[in-house]
Amino acid sequence: MWVDVLVERICEERSAPYVVNDAWTPSGPAHVGSLRGVILHDAVARGLRERGYPVEFLYGFDDFDPLDGIPPSVPEEAYRPHMGKPLCDVPWHEGDARSFADHFAGEFESVFRAVGCEPQTYRTSHLYRSGAFDPALRTALDRAAEIVAIEREITGSRRAERHPVQVLCEACGRIGTTVVLGWDGQQVTYECRPYKVTWAQGCGHRGRRVPFRGGAKLAYRTEWAAKWALFGVKVEGAGKDHMTRGGSHDTASAVARRIFGVEVPFPIPYEFFLLGGKKMASSRGGVGARELLQVLRPELVRFLVVRAYYRTAIDFDPSGDAIPRLYDEYDRAAAAYFGQLPARTPGEVQDVRDLARTFHYAWLKPTPPQPFVRPRFSKVAFWVQMPHVRVEEQVEREKGGPLTDADREELGARVEDARRWLEKWAPSHYRIAVREAVPAECADLTAAQRELLARLADHLEGAALEPEVVQAAIHTLKAELGLSAKEAFGAVYVAFLGKDSGPQAGALLATLGREFVVRRLREASGRQPVGHGV
RNA sequence: GGGCCGUUAGCUCAACUGGUAGAGCAGGGGACUCUUAAUCCCAAGGUUGCAGGUUCGAGUCCUGCACGGCCCUCCA
């Protein structure tokens, strides 16, 4: 199981205590890829902890970065004047005291807490304003030329020369628009340029200021290296866009080694998380991390990430069979974890062991789970649609005993997921839906089946529409006509559902109302009512 | 051009540091003979993309190739 393999290698290649770090810029709603990052780091931290090492799991919100784009979910006019300011200095448009950064950081934090990730969070703005980053800032200013040279070397000088420090403009409060002109060991001279970047306009101010305690920030790649040095980070993964050769991770690594003199954290390059084949990035809209929790419950979200090898892309498409399949795999992993999955060959023994570990890392809480019933998802989805079925009784019968609290909790979650799935994602053949018009499939009915439908219509016209009555009538008629149960009931299902199976026929028809039932039976039979015109 | 990933049964995917290629679904056969038939049982289905190599042994390791996806630009 890949988490265990990574943990093993980390123990060989880096020494304890382990600081595991991950970070994200709260510039909009977090997308699912960021969620993969947190879950991955959380699982690795858990694995290291279980080996008895001291582990610190940190999660940074890069809220001192400039606002460089406006997410589509937010009114553009409210933020246009703030373009280029640090995210932590941009007020949230809906009145309360929070900043733009705090809003999105808080939102994402509640998502990753829900899937069981418990890092200690920090904000880069605090690192700057508290002075924690001042030594790194001084180093970067003193050795700016070296850092620029490193960037050019690593990236193959594809990019324009860029100073590793950005000053916060005293006149307009922007940080994305300034350039450093000089550094005398005490103060930086800088200019806030109108056309430095396309997404924000600097005010033109030219000044001198002390860069410390929040007066300036490190450029992204240097800042990354500085964080490793400051916290002594031993493990930090990143999406493959950072990890490509000559990319930001390579630059940060060189800066870490040559400028700050620290070891590069154990890298974990992980693949993207796609939803329905499209990349979900906050800047492009689409389904975010929060929305994923409205598709899958937290246990399944975490399982989805943990079971996939970290170097392969996850492409989750909630339509189709994906959710029932995911549930089946989750149940298999749970069975392996609880020792309920038999293994015969050595290969199977290993498979079961891996599955059990996967479930272990997917489990939300640090405390081990107690066994719980796992009625198959597709079955639950069927039961919740049957008017006469009480799901809890069904599960009790399958289990062969009364349900525990854990059982009931699990079942409740499944029922809720099943209803949501049926409503939003399930392919139509999973839905038991009474057709509004006579199904075309009725053309395939035999003469005897048509006869049965016609006689059933006649019978029900004068009888109580009770489940037992309907049920008994079908059985009587099938005997009269020499039909099998499958042929008889199949005809009824086809007439209403367009397919040859469904919930108990009596219960189904009883919920539909006599007039409709009789009319539909006659239409499907292709016969005129006995003794009536029309 | 560089990098990463993928290619295994009709479909969706498994298979630890190399050790008899598995599962779900679909399809086939059968069972329960008044319906929780979306259940249960059985069988079948694969020269693991192609060509080489290493090995007693390769889906797994190495080399090359083909096809597909993504990343390498700004920003993070």
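On a predicted model such as this, the values are computed, not experimentally measured, just so you know.
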Centre-to-centre under 6.0 Å for [X] and [Y], is that the case here?
X      : Y      : value
A:F359 : A:F303 : no
A:Y122 : A:F231 : yes
A:F108 : A:H31  : no

Out of [options], which has the shortest distance to the side chain of [X]?
X      : options             : answer
A:T244 : B:C16, B:A76, B:C72 : B:C72
A:Q471 : B:C5, B:G69, B:U35  : B:U35
A:D65  : B:C5, B:A76, B:C25  : B:A76
A:R376 : B:C5, B:C25, B:C74  : B:C25
A:W199 : B:A76, B:C5, B:C74  : B:C74

Check your understanding: Start at the 5' end of RNA chain B and walk down; is the nucleotide closest to A:A313 or to A:K379 reached first?
Key -> A:A313
Revision key, fill the gap. Assign each of A:G490 and A:R325 the nucleotide of RNA chain B bearing its closest heavy atom; nearer the 5' end lies the nucleotide of A:R325
Please give the distance between the [atom1] atoms of [N] and [M] as a whole number of Å.
N     : M     : atom1 : result
B:U63 : B:A26 : C1'   : 39 Å
B:A23 : B:G30 : P     : 23 Å
B:G49 : B:A21 : P     : 15 Å
B:G29 : B:C71 : C1'   : 50 Å
B:C25 : B:U17 : P     : 28 Å
B:G22 : B:A9  : C1'   : 10 Å
B:G24 : B:A14 : P     : 16 Å
B:A15 : B:U8  : P     : 14 Å

Check your understanding: Is the side chain of A:D63 donor-acceptor paired with the backbone N or O of A:C88 at a distance under 3.5 Å, no angle test?
Key ->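 Flag not set: sc A:D63 to bb A:C88 has no pair under 3.5 Å.
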Please report the distance, rounded to the nearest Å, between [atom1] in [X] and [atom2] in [N].
X      : N     : atom1 : atom2 : value
A:H475 : B:U33 : NE2   : P     : 13 Å
A:H242 : B:C71 : NE2   : P     : 13 Å
A:D22  : B:A76 : CG    : P     : 17 Å
A:Y309 : B:U8  : OH    : P     : 19 Å
A:F100 : B:A76 : CZ    : P     : 14 Å
A:F489 : B:U35 : CZ    : P     : 7 Å
A:R36  : B:C70 : CZ    : C1'   : 12 Å
A:I323 : B:G24 : CD1   : P     : 21 Å

Point to revise | Within-4.5 Å side-chain heavy-atom neighbours: A:R290 and A:P29 | key: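 Not in contact.
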Check your understanding: If we only count heavy atoms from C-beta on, is the A:F496 to A:L509 side-chain gap below 4.5 Å?
Key ->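 Yes - at least one pair of side-chain heavy atoms lies under 4.5 Å apart.
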Review point. Which part of the nucleic acid, if any, lies within contact of A:Y493, taking any heavy atom under 4.0 Å across all strands shown: a base, the sugar-phosphate backbone alone, or nothing?
Key: base
Exercise for review: Would you mind classifying the nucleic acid contact of A:R332 as base, sugar-phosphate or nothing, using non-hydrogen atoms under 4.0 angstrom?
Suggested key: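 Result for A:R332 = nothing.
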Exercise for review: Can you tell me which stems involve RNA chain B, if a stem is defined as three or more consecutive Watson-Crick or G-U wobble pairs, both distances under 3.5 Å?
Suggested key: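 Looking at RNA chain B, the stems formed by three or more consecutive pairs are B:1-7 with B:66-72, B:10-13 with B:22-25, B:28-31 with B:39-42, B:49-53 with B:61-65.
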Side-chain ion pair, [X] and [Y], N-O less than 4.0 Å:
X      : Y      : value
A:R374 : A:E410 : no
A:D417 : A:R420 : yes
A:R455 : A:E480 : yes

